[in-house]
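Numbers for residues simply follow the sequence, beginning at 1. What you see is a predicted model; the values in this text were computed from it and never measured.
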Amino acid sequence: MNEFASNNLDLCESGGHQRERDLALLGGEPTVPSGRITPWPATQTEHLDALREVVDSGKYHRVNHPIVADLEQDLATWTGKWKVRAVGSGTAAIHIELDYFKGRGEQVVTAALNWPGAVGPIAISGLQPDFVDVDMNLAGIDQDAAADRFGPGVGAVLITHLFGNNIRVPDARSAARAEGIAVIDDVCQSIGAIKAIANGAYIDTDALALSGNGAKHLGAGELGFVITEDKDLIEHVDCVSLTSSSRNGDRTFSPSSAGYNYRPNVFSSSIAKMRLSNLETQLQIRRNNGKILWEMIRDLSGIFPLFDPSDCNQSMLSFPLRIEPEALGFGPGPTARDTIVKLLQAEGVPVLIWLRKPVFEYLPNIAKDWKAADFPNTVKLLDTMFCVSEIAPPNEAGVMELYAEAFHRVWTALSKFGPKISNIMTTVWTS
């Protein structure tokens with residue numbers, strides 16, 4: 001415990017009266033005052049200037065709009081390596097990349113703990129997912145399990161980087177290369193992974209898919225990017241998506257498009273272009289906030305980071321954690337996590353449970369072919385993980401201190417009452 005530890009819970013197991021500093025869910029004042037947190041995408045009046053630039057251009061669409069072209073070039077420059085093509089979403093980018101590589105094999109190896117928008121494009125491309133489990137430290141694909149699946153019929157491995165984590169998995173990448181399997185990285189939640197984050201080098205990949213969604217680092221609306229060194233893949237974007245205008249400005253439809261409407265939104269592109277100029281600062285503040293918060297809660301019993309605190313290149317989209325229910329006196333399953341989330345939310349901390357099921361259970365067309373029990377790490381994380389969602393600027397150290405105070409307040413209650421806190425909560429709600 002540190003200075004944020006609280007001993008102010010004084011609720012008798014028999015239903016005694018709360019004191020002024022009781023848990024907020026039990027009638028006390030929330031630790032984080034209303035209005036103290038700025039939710040992402042942290043709207044600013046200067047964003048109106050970006051949108052006005054689109055209005056003043058007289059054109060609200062076109063893949064060759066100057067704002068879109070400038071954004072593609074600016075992002076390519078920021079990466080220091082890759083070519084970039086803007087599309088409609090991160091999901092669109094994954095679909096285009098899978099479509100390009102589908103001739104290598106009909107199976108795509110990927111993690112069972114995943115986002116439906118990342119895995120859905122596998123079936124859209126006429127391919128079959130082959131799920132493997134994840135590691136317990138970063139919620140990334142288990143590279144040994146993935147390598148064991150590589151062989152005839154596997155055309156690609158889709159590596160998803162959740163929460164801003166960098167999923168380097170060098171052994172899986174090397175194994176894929178040996179088998180001629182395409183490596184695709186879903187970095188929609190981890191924009192920093194398109195930089196040199198592997199001991200000063202870039203990750204070994206054929207393509208990366210990035211999102212500019214309003215919840216992501218570019219916080220722009222609906223937008224995505226195909227990122228690669230392969231110029232033929234860049235050109236393949238127009239073979240999958242309608243352009244309605246050629247790259248040189250002529251008004252013509254592509255004669256060979258698959259007809260998907262994956263064109264980038266120009267208004268979203270204008271916001272992304274503006275945010276890109278301050279992206280390094282945004283990332284550093286996210287990392288600093290994550291470091292501050294972890295240092296203040298790391299000694300709490302049964303709590304673990306679902307990120308690498310030593311990774312200075314982590315993108316920290318959110319602040320992911322997991323708990324060990326047994327260390328808090330709970331049995332296996334989601335009860336401990338769900339209790340903690342409710343208590344923290346009442347304290348004003350922006351925590352959420354992002355996923356509750358393996359990705360295939362969100363996709364009816366493939367759900368019947370897979371069983372959650374075959375992925376024990378995935379199931380355990382789904383029962384025990386949660387995120388602090390608002391970690392981005394302009395939120396700063398003072399906000400992180402309030403979060404930490406709330407964590408300590410909740411953990412004090414847990415250490416005193418253990419699983420009985422759930423019964424106390426129910427008693428208070430119904431009294």
Walk me through it: do Lys83 and Glu229 pass the test salt bridge (Lys or Arg N to Asp or Glu O under 4.0 Å)?
-> CA-CA 6 Å; Lys83 298 177 176 64; Glu229 283 192 298; over 6 Å; no
Verdict with supporting geometry, Thr378 and Leu382, side-chain contact (heavy atoms from CB on, under 4.5 Å) = CA-CA 6 Å; Thr378 294; Leu382 290 169; 3.7 Å; yes
Steps toward side-chain contact (heavy atoms from CB on, under 4.5 Å) verdict (Asn265, Tyr60) | CA-CA 8 Å; Asn265 183 296; Tyr60 291 180; over 6 Å; no
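Using the six-membered ring where Trp is involved, Trp370 and Phe375 have ring planes that are tilted, between 30° and 60° apart. Between His95 and Tyr262, the ring planes lie perpendicular to each other; the angle is over 60°, past the 30° to 60° tilted range. Between Phe163 and Trp354, the two ring planes are perpendicular [angle over 60°; tilted spans 30° to 60°].
Judged by distance alone, the side chain of Trp78 and the main-chain N or O of Leu276 form no donor-acceptor pair under 3.5 Å. Within the 3.5 Å criterion, the main-chain N or O of Ser301 finds a donor-acceptor partner in the side chain of Trp411. Side-chain N or O atoms of Asp186 include one that pairs as donor or acceptor with a backbone N or O of Cys188 at under 3.5 Å. Using modelled atom types, no side-chain atom of Ser190 and backbone atom of Gly192 make a donor-acceptor pair closer than 3.5 Å. Looking only at distances, a side-chain donor or acceptor of Thr110 sits under 3.5 Å from a matching main-chain atom of Leu158. Checking side-chain atoms of Ser125 against main-chain N and O of Leu127 turns up no donor-acceptor pair under 3.5 Å. In this structure a side-chain-to-backbone donor-acceptor pair under 3.5 Å is present from His408 to Met296. Between the side chain of Arg85 and the backbone N or O of Val226, no donor-acceptor pair lies under 3.5 Å. Side-chain atoms of Ser268 come within 3.5 Å of backbone N or O of Ala220 as a donor-acceptor pair.
Checked for salt-bridge contact, Arg52 and Asp49 meet the test: a charged N lies under 4.0 Å from a carboxylate O. Contact check on Arg173 versus Asp206 returns no salt bridge, with no Lys/Arg side-chain nitrogen under 4.0 Å from an Asp/Glu carboxylate oxygen. Taking 4.0 Å as the cut-off between side-chain N and carboxylate O, Arg356 and Asp338 count as a salt-bridged pair.
More than 12 heavy atoms of other shown residues, nucleotides or ligands fall within 6.0 angstrom of atom CG in Asp56.
Inspection of the His65 and Ser269 side chains reveals no N or O donor paired with an N or O acceptor under 3.5 Å. Of the N and O atoms on the side chains of Glu396 and Asn289, not one donor lies less than 3.5 Å from an acceptor on the other residue. Counted by atom type alone, Asn288 and Arg286 present zero donor-acceptor pairs between their side chains at under 3.5 Å. Checked by atom type, the side-chain pair Asp308/Gln314 shows no donor-acceptor distance below 3.5 Å. A side-chain donor from one of Asp185 and His161 sits under 3.5 Å from a side-chain acceptor of the other.
The two atoms that bring Trp40 and Ala215 nearest to each other are CD1-O, 3.8 Å, heavy atoms only. Annotation for Ala193 and Leu208: closest pair O-CD2, 4.1 Å, computed over non-hydrogen atoms. Between Asp99 and His236, the shortest heavy-atom distance links the atoms OD2-NE2, 2.7 Å.
A distance of 10.0 Å separates CD1 of Ile323 from CZ of Phe304, quoted to the nearest 0.5 Å. Ile67 contributes atom CD1, which lies 5.5 Å from atom OG of Ser57 (distance to the nearest 0.5 angstrom).
Judged by the 6.0 Å distance and 45° axis criteria, Arg337 is not positioned over the aromatic ring of Phe386.
Within the structure, salt bridge (Lys or Arg N to Asp or Glu O under 4.0 Å) contacts touching residues 143-167 (residues at least two apart or in different chains) are Asp130-Arg149. Legend: salt bridge (Lys or Arg N to Asp or Glu O under 4.0 Å) pairs involving residues 267-284, not counting sequence neighbours, sorted by first then second residue: Lys195-Glu280.
Among Arg36, Glu405, Arg409, the single residue meeting the side-chain hydrogen bond (donor to acceptor under 3.5 Å, both in side chains) criterion with Thr31 is Arg409. For the side chain to side chain contact (heavy atoms under 4.5 Å, CB included) with Leu306, the lone residue among Ser318, Pro320, Cys387 that qualifies is Pro320.
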